[in-house]
Number of protein chains: 2
Amino acid sequence: MRTLKYALLGLINREPITGYDISKEFEKRIMANFWHAKHSQVYPELKRLLDEELISVELIIQGEKMEKKLYTITPKGHEEFVKWLSRDEPLGVTPKDVFRLRTFFTDFMSLSDYEKHLHSQLSKHNSKKESLEKSLTAFWNNIPQYGTKEFGDYAVLLGAVMREDSYIAWLYKCLDAIKTS
Amino acid sequence: MRTLKYALLGLINREPITGYDISKEFEKRIMANFWHAKHSQVYPELKRLLDEELISVELIIQGEKMEKKLYTITPKGHEEFVKWLSRDEPLGVTPKDVFRLRTFFTDFMSLSDYEKHLHSQLSKHNSKKESLEKSLTAFWNNIPQYGTKEFGDYAVLLGAVMREDSYIAWLYKCLDAIKTS
DNA sequence: GAGTACATGTAATTAGTTACATGATTGA
DNA sequence: TCAATCATGTAACTAATTACATGTACTC
């Protein structure tokens, strides 16, 4: 499906960007909430996009001698990206989840071990949710206009918070369910 | 991490099972809601578990000449599985989601295209949710006791329904957000 | 006899992770 | 000067998908 290709094209389409900054986006920024790639996957893919003439590159000298490569989308790349954007795809496989896998097999785990697991998950998902909610406050109650970069940021952040909320609610349901046992 | 290993051990731990039935579990049954593997991945992994002496195999003749292989867990396999069950792992990367990726880049998609996307997603997630809810009615309002196989089934099904609910709620929020644009 | 489900595998490719490898720049 | 961050890459490996390959059993 080469989804990474389109994730990169999307970022480069916004404005010229380096491989380093793309990697940061995947590892720390908003994008990390729905896509991920290490720099060791990003750099080879950039080379490939260059080969396919979907992007072009410009060498920038930073300071004394440090070099960085600024990638810019080509008309051909832009065209492919926009075409991909409007493509309708089937749902695809449900994401894997190790904790749900463990829950499925609780008939071989002690009640106290599972309870510990649940509390550990709750704490992890709660802190993730809190940090997401903090980012979301940037929008306060001002929903950005459709068509802006901010709309995308807002929509995916909202989705990430809701996903965490739902996961936390599920964990509480599991806690409830074991309390009667 | 070799999570597939433990997913297989967990299934074989319940009762002796064939590679074919394991694959069915991954592709069509409850497990598909949190783990997945094609038969081309399952068979080699079974061979590896056999090498590691975590499972054993028995050849069964079905009818005239058709053969199938029944895998059974060994004490060593059982021990490793139970140890894995109680392991606490860090949260891991957020699952990838192509539709969220598209949403992130809506600043290059027409409003009408995105609206079509949203309705398409709504219809897909709604039918998935409905089929999950149907499976959940098997438990009516009778929450299974902790420690039974049924508890695991119930908990992960509930989680799957809640995940779909939350996704659907997010899609409606996105629809709302574009309605004012 | 045809089609579907049962049953098991391998080969080739793509996707992703971990580890290796190097060097520059900035700020404390 | 030391640590963190900036910046770019490759090599080796693991995980997963798609395609190839074969044969049985059951039902219409």
Side-chain angles (χ1 to χ4, degrees), chain A residues 1-8 12 16-29 31-32 34-52 55 57-71 89-90 92-98 101, chain B residues 1-8 12 16-29 31-32 34-52 55 57-71 89-90 92-98 101:
Chain A
M1 220 101 67
R2 293 197 61 195
T3 311
L4 177 62
K5 163 179 166 177
Y6 298 102
L8 296 184
I12 300 167
I17 189 172
T18 65
Y20 185 80
D21 286 328
I22 289 172
S23 294
K24 263 201 312 189
E25 194 69 41
F26 280 137
E27 269 158 42
K28 303 191 246 282
R29 314 257 178 222
M31 264 197 117
F34 51 88
W35 208 263
H36 182 264
K38 306 279 169 71
H39 77 274
S40 56
Q41 204 186 356
V42 168
Y43 288 117
E45 186 65 31
L46 284 170
K47 193 173 265 181
R48 193 171 169 191
L49 294 178
L50 212 54
D51 283 346
E52 296 172 325
I55 58 176
V57 70
E58 188 194 355
L59 237 96
I60 306 283
I61 307 295
Q62 201 79 335
E64 198 62 19
K65 48 173 96 163
M66 203 171 83
E67 286 182 342
K68 63 177 185 178
K69 293 179 172 179
L70 250 197
Y71 293 96
E89 270 169 306
V93 295
T94 309
K96 293 176 178 180
D97 183 325
V98 188
L101 181 62
Chain B
M1 223 100 70
R2 291 196 62 194
T3 311
L4 177 61
K5 164 180 164 176
Y6 298 103
L8 296 183
I12 300 167
I17 189 173
T18 64
Y20 184 79
D21 285 328
I22 289 173
S23 294
K24 262 202 312 190
E25 194 67 39
F26 281 135
E27 270 159 41
K28 301 190 249 280
R29 314 259 178 219
M31 266 198 114
F34 51 87
W35 209 263
H36 181 265
K38 305 280 170 72
H39 77 274
S40 56
Q41 204 186 356
V42 168
Y43 288 117
E45 185 65 31
L46 284 170
K47 192 174 266 180
R48 193 172 168 190
L49 295 179
L50 213 53
D51 284 345
E52 297 172 323
I55 57 174
V57 69
E58 189 195 354
L59 237 99
I60 306 282
I61 306 296
Q62 200 81 333
E64 197 63 21
K65 48 172 93 165
M66 203 169 83
E67 286 181 343
K68 62 177 183 178
K69 293 178 171 178
L70 250 198
Y71 293 96
E89 272 170 307
V93 296
T94 309
K96 293 175 177 179
D97 184 324
V98 188
L101 180 62

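Numbers restart at 1 for each chain; the letters A, B, ... are given by sequence-line order, proteins then strands.
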Would you please confirm or rule out a distance under 4.0 Å between OP1 or OP2 of dT24(D) and any side-chain N or O of Gln62(B)?
-> no
So do the side chains of Glu45(A) and Lys5(A) get within less than 4.5 Å of each other, counting heavy atoms only?
-> yes
Once you round it to whole Å, what is the distance between P of dA7(D) and NZ of Lys68(A)?
-> 5 Å
Looking at Asp21(B) and Lys24(B), does any basic side-chain N land under 4.0 Å from a carboxylate oxygen?
-> yes
Quickly work out the Lys24(B) NZ to dT4(C) P distance and round it to whole Å.
-> 17 Å
Nearest-Å distance for atom pair CD1/C1', residues Ile22(A) and dC6(D) | 15 Å
Indicate whether OP1 or OP2 belonging to dT8(C) is found under 4.0 Å from a side-chain N or O atom of Tyr20(B).
-> no
Spacing of CD belonging to Gln41(A) relative to CD1 belonging to Ile22(A), to within rounding of 0.5 Å = 12.5 Å
Interatomic distance, Lys28(B) NZ vs dA5(C) P [rounded to whole Å] | 8 Å
Think Lys69(B) has a side-chain N or O under 4.0 angstrom from the OP1 or OP2 of dG9(C)?
-> yes
May I ask you to evaluate whether Tyr43(B) reaches the phosphate of dT8(C), defined as a side-chain N or O under 4.0 Å from OP1 or OP2?
-> yes
Identify whether the distance between the nearest side-chain nitrogen and carboxylate oxygen of Glu52(A) and Arg2(A) falls below 4.0 Å.
-> yes
Between Glu58(A) (CD) and dA7(D) (P), how many Å, whole number?
-> 15 Å
Scan nucleotides 15-23 of chain C nucleotide by nucleotide, 5' to 3', and note B when protein non-hydrogen atoms come under 4.0 Å of the base, S if they reach only the sugar-phosphate, - if neither.
-> SBBBB---B
Closest to side chain of Lys47(B), choosing from dT25(C), dC6(D), dG9(C) = dG9(C)
Nearest-angstrom distance from the residue atom CZ of Phe26(B) to C1' of dA7(C) | 17 Å
Could you check if a side-chain atom of Glu27(A) sits within less than 4.5 angstrom of a side-chain atom of Lys38(A), using non-hydrogen atoms only?
-> yes
Answer whether the closest heavy-atom distance between the side chains of Leu46(B) and Val42(B) falls below 4.5 Å.
-> yes
Whole-Å distance, Asp21(B) CG to dA7(C) C1', equals 10 Å
In whole angstroms, the gap separating P of dA7(C) from CD of Glu27(B) amounts to 14 Å
Flag side-chain contact, heavy atom, 4.5 Å: Glu89(B) against Val98(A) = yes
